[in-house]
Amino acid sequence: MLEGQAAGEGMGMESYHEDWTDSQRALYDECYRAGADWADDPDTPSEDVQHVINLAEADDDTLADAEIDFAPLVDAVTEATGEVVATVPASHDDPGFKGFVDGVRDGTSDETFGI
């Protein structure tokens, strides 16, 4: 746990990058919660959840600095930042991308996809 943070504060704080600012950590947390909620929604198609899990498991070399326009991810970053975005960098260094995909992966039950 990071010094100065209360236990349980921010579900995914163990996944922060050391050099992230407080605002990047807050973006991660917001997108993490959005990803977990989206994955838990019974109306979310399982194929879409599997797609995001695949993104979460991919390394940055595989992602090749692509920009993603996947609507639930873009919506999560837009809501978290208050700024309209059209794409999100597909990189585990990006707090919005990493937060969302971590939230989806962690929010999906192990029985669902065998994770």
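It should be emphasised that the depicted structure is a prediction, and the values quoted were computed from it without experimental measurement.
By the neighbour-count criterion of 12 heavy atoms within 6.0 Å, atom CG of D59 is densely surrounded, having more than that number from other residues, nucleotides or ligands. Atom CD of E79 has 12 or fewer neighbouring heavy atoms from other residues, nucleotides or ligands inside a 6.0 Å radius.
Residues D29 and Y16 have side chains that bring a donor and an acceptor to within less than 3.5 angstrom of each other. Side-chain atoms of T78 and D75 include no donor-acceptor pair closer than 3.5 Å.
Contact check for R25 versus H17: no side-chain heavy atoms found under the 4.5 Å cut-off. Annotation: side chain of V104 is in contact with side chain of V49 (closest heavy-atom distance under 4.5 Å).
Atom SG of C31 is separated from atom NZ of K98 by 12.5 Å, given to the nearest 0.5 angstrom.
Nearest heavy-atom pair, E67 versus P89, reported as atom, atom and distance to 0.1 Å: OE1-N, 3.6 Å. The shortest non-hydrogen separation linking A34 to A76 is CB-CB, 3.6 Å. Summarising the geometry of A39 relative to T108, their closest heavy-atom pair is CB-OG1, 3.7 Å, with the distance given to 0.1 Å. In this structure, V77 and V88 approach most closely via the heavy-atom pair CG2-CG2, 3.8 Å.
Side-chain N or O atoms of Q24 include one that pairs as donor or acceptor with a backbone N or O of T21 at under 3.5 Å.
Evaluated for a side chain to side chain contact (heavy atoms under 4.5 Å, CB included) with V52, the options T44, V101, L73, I68 yield exactly one hit, V101. Each of Y28, F97, F100 was scored for a ring pair (Phe, Tyr, Trp, His ring centres under 6.0 Å) with H92, with one residue passing: F97.
Put simply, W38 and I53 are part of the same group of oily side chains (I, L, V, M, F, W, Y) that touch within less than 4.5 Å, one to the next.
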- [ ] Let me see the working for Y32 and D106 under side chain to side chain contact (heavy atoms under 4.5 Å, CB included), right down to the final yes or no.
- [x] CA-CA 9 Å; Y32 183 99; D106 294 349; 2.7 Å; yes
TODO: For the pair S23 and L27, evaluate side chain to side chain contact (heavy atoms under 4.5 Å, CB included) and give the outcome as yes or no after the intermediate values.
DONE: CA-CA 6 Å; S23 61; L27 174 59; over 6 Å; no
